[in-house]
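Please read all numbers here as calculations on a predicted model, not as lab measurements. Letters go in sequence order (proteins before strands), and every chain restarts at 1.
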Number of protein chains: 2
Amino acid sequence: MLESHQYLRQFSIKPSVQRSAVMHFLLNNRIHPTIDEIYMALSPTMPTLSKTTVYNTLDLFVEKGAVRALAIDEKNARYDVDISAHGHFMCKSCGKVHDIFDLKPSMFQIPESESFRIDSVEISYLGACKSCKGN
Amino acid sequence: MLESHQYLRQFSIKPSVQRSAVMHFLLNNRIHPTIDEIYMALSPTMPTLSKTTVYNTLDLFVEKGAVRALAIDEKNARYDVDISAHGHFMCKSCGKVHDIFDLKPSMFQIPESESFRIDSVEISYLGACKSCKGN
DNA sequence: CATACTTTTGTAATGATTTCAATAAACTAA
DNA sequence: TTAGTTTATTGAAATCATTACAAAAGTATG
């Protein structure tokens with residue numbers, strides 16, 4: 001919890017109780033959680049926590065660059081505290097999202113374009129994970 | 001319209017009036033439209049068309065491999081008739097989605113993985129387009 | 001302490017997508 | 001062609017993630 005506090009400051013985010021709790025969860029659960037998963041995980045120990053706060057908090061984290069929002073899952077937004085260059089895999093069967101780290105750094109280069117100013121890249125893979133392959 | 005008819009058959013999709021109309025729109029409007037854009041474009045000339053049919057139709061097209069569903073836009077699903085290997089750019093300001101064709105073919109290779117069976121890749125870029133750069 | 005400012009909360013609204021049952025259309029076999 | 005069967009379309013209602021908003025609580029400042 002202390003670390004989350006410090007961590008937030010690095011991104012010039014004022015560390016409220018709620019924000020620290022959310023960041024603590026993100027740092028210790030690298031599962032690319034949805035808003036609902038974060039809310040469900042925290043609400044038992046923070047009964048007054050509002051889901052709107054979780055939305056606000058994640059929006060702020062993304063705005064400040066502390067967290068990356070992933071579009072890989074069309075159903076829900078997912079969030080990743082790991083802001084280093086890496087890809088993601090989502091199992092179409094169970095919906096779990098995993099990191100794909102062994103990609104060439106060149107894949108994350110921003111292509112030259114006269115038509116666009118490109119700010120970020122997202123590399124996503126879809127398929128079936130080990131436990132769902134049978135399906 | 002005739003071509004759409006033929007085109008659907010190539011993917012073993014029975015070409016109903018509605019399906020041909022949707023495919024015709026997709027083939028002639030390479031704008032990665034949302035369900036609503038497709039519905040709005042067709043309903044003037046097909047007043048009885050139901051939005052549910054547009055949903056059903058696109059689901060079928062995707063299932064049969066005639067069309068690709070894009071996750072780049074968190075707000076709405078978007079559809080692309082071009083199933084060749086290419087990336088996409090979305091302007092965060094106006095929301096328009098554009099093709100990015102000049103990417104190395106190697107970027108679309110499926111990475112080796114013992115943990116997953118990877119079926120598809122999606123490469124997405126976010127930023128601002130020419131007309132929105134000012135913002 | 002008093003005031004201003006920021007954050008959190010809960011409720012209500014929005015909007016995309018899904019569900020589902022009824023209708024219509026297409027297909028099959030006699 | 002017709003009756004029976006399957007498939008596709010339709011529209012209304014339900015679901016569910018996200019957003020809007022205003023009130024309440026908390027924090028900082030003088």
Side-chain angles (χ1 to χ4, degrees), chain A residues 4-5 8-9 11-25 32-64 66-79 90 92 95 97, chain B residues 4-5 8-9 11-25 32-64 66-79 90 92 95 97:
Chain A
S4 324
H5 215 263
L8 289 175
R9 281 201 216 282
F11 294 93
S12 30
I13 296 166
K14 228 190 281 180
S16 71
V17 178
Q18 290 84 348
R19 289 170 182 173
S20 296
V22 171
M23 183 49 86
H24 183 259
F25 179 80
H32 316 89
T34 63
I35 291 287
D36 200 61
E37 283 169 342
I38 299 170
Y39 175 73
M40 288 308 195
L42 298 183
S43 65
T45 48
M46 280 188 100
T48 71
L49 181 67
S50 161
K51 200 180 270 191
T52 303
T53 299
V54 183
Y55 275 101
N56 292 340
T57 301
L58 270 296
D59 285 352
L60 180 71
F61 287 3
V62 170
E63 192 192 310
K64 296 288 190 177
V67 155
R68 216 171 212 298
L70 306 182
I72 193 171
D73 180 355
E74 337 196 307
K75 305 288 176 191
N76 321 287
R78 289 174 169 277
Y79 298 91
M90 186 172 76
K92 273 183 279 189
V97 175
Chain B
S4 322
H5 215 263
L8 288 174
R9 283 201 214 282
F11 294 93
S12 31
I13 296 167
K14 230 189 282 181
S16 71
V17 177
Q18 290 84 347
R19 289 170 183 173
S20 296
V22 171
M23 183 49 86
H24 182 259
F25 179 80
H32 315 89
T34 63
I35 291 286
D36 200 60
E37 283 170 342
I38 299 169
Y39 174 73
M40 289 307 195
L42 298 183
S43 64
T45 48
M46 280 188 98
T48 71
L49 181 67
S50 161
K51 200 180 269 190
T52 303
T53 299
V54 182
Y55 274 101
N56 292 340
T57 300
L58 271 297
D59 285 352
L60 179 72
F61 287 3
V62 169
E63 193 194 309
K64 295 288 189 177
V67 155
R68 218 170 211 298
L70 305 182
I72 193 171
D73 181 356
E74 337 195 308
K75 305 288 177 192
N76 321 287
R78 289 174 169 278
Y79 299 91
M90 185 172 76
K92 272 184 279 189
V97 175

Exercise. Give the C-alpha distance, both sets of side-chain angles, the deciding distance and a yes or no for side-chain contact (heavy atoms from CB on, under 4.5 Å) between B:Asn76 and B:Asp73.
Key: CA-CA 6 Å; B:Asn76 321 287; B:Asp73 181 356; 3.7 Å; yes
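Computed from coordinates, the A:Leu49 CG to D:dA25 P distance equals 17 Å when rounded to whole Å. Computed from coordinates, the A:Glu37 CD to D:dC16 C1' distance equals 15 Å when rounded to whole Å. Taking atom CG on A:Asp36 and atom P on D:dT18, their separation rounds to 9 Å, with Å as the unit. For the pair B:Asn76 CG and D:dT19 P, the computed distance is 12 Å after rounding to whole Å. In this structure, A:Met46 atom CE and D:dG26 atom P are separated by 12 Å, rounded to whole Å. Atom CG in B:Leu60 sits about 13 Å away from atom C1' in D:dT9, given to the nearest Å. Rounded to whole Å, atom P of D:dG26 lies 15 Å from atom CZ of A:Arg19. Atom OH in B:Tyr55 sits about 13 Å away from atom C1' in D:dT15, given to the nearest Å.
When heavy atoms are screened at a 4.0 angstrom cut-off, B:Thr53 is found touching base atoms of the nucleic acid. Counting non-hydrogen atoms under 4.0 angstrom, A:Asn56 reaches a base of the nucleic acid. B:Thr34 comes within contact range of no nucleotide atom at all, as no heavy-atom separation falls under 4.0 Å.
A:Thr45 places a side-chain N or O within 3.5 Å of a backbone atom of A:Leu42 that can act as its donor or acceptor partner. Judged purely by atom type and a 3.5 angstrom limit, A:Thr34 uses its side chain to pair as donor or acceptor with the backbone of A:Glu37. A donor-acceptor pair is defined here as one N or O able to donate and one able to accept, closer than 3.5 Å; such a pair exists between the side chain of B:His32 and the backbone of B:Val97. Under a 3.5 Å cut-off, the side chain of B:Ser43 and the backbone N or O of B:Tyr39 do form a donor-acceptor pair. Side-chain atoms of B:Arg78 do not come within 3.5 Å of backbone N or O of B:Leu70 as any donor-acceptor pair.
Side-chain nitrogen and oxygen atoms of B:Thr52 include none within less than 4.0 Å of the OP1 or OP2 phosphate oxygen of D:dG11.
With DNA chain D read from its 5' end, the first of the two nearest nucleotides for B:Lys75 and B:Lys14 is the one closest to B:Lys14.
In this structure, B:Met46 CE and B:Gln18 CD are separated by 4.0 Å, a value rounded to the nearest 0.5 Å.
Nucleotides of DNA chain C that come within less than 4.0 Å of any heavy atom of chain A span, from the 5' end to the 3' end, C:dT6 to C:dT18.
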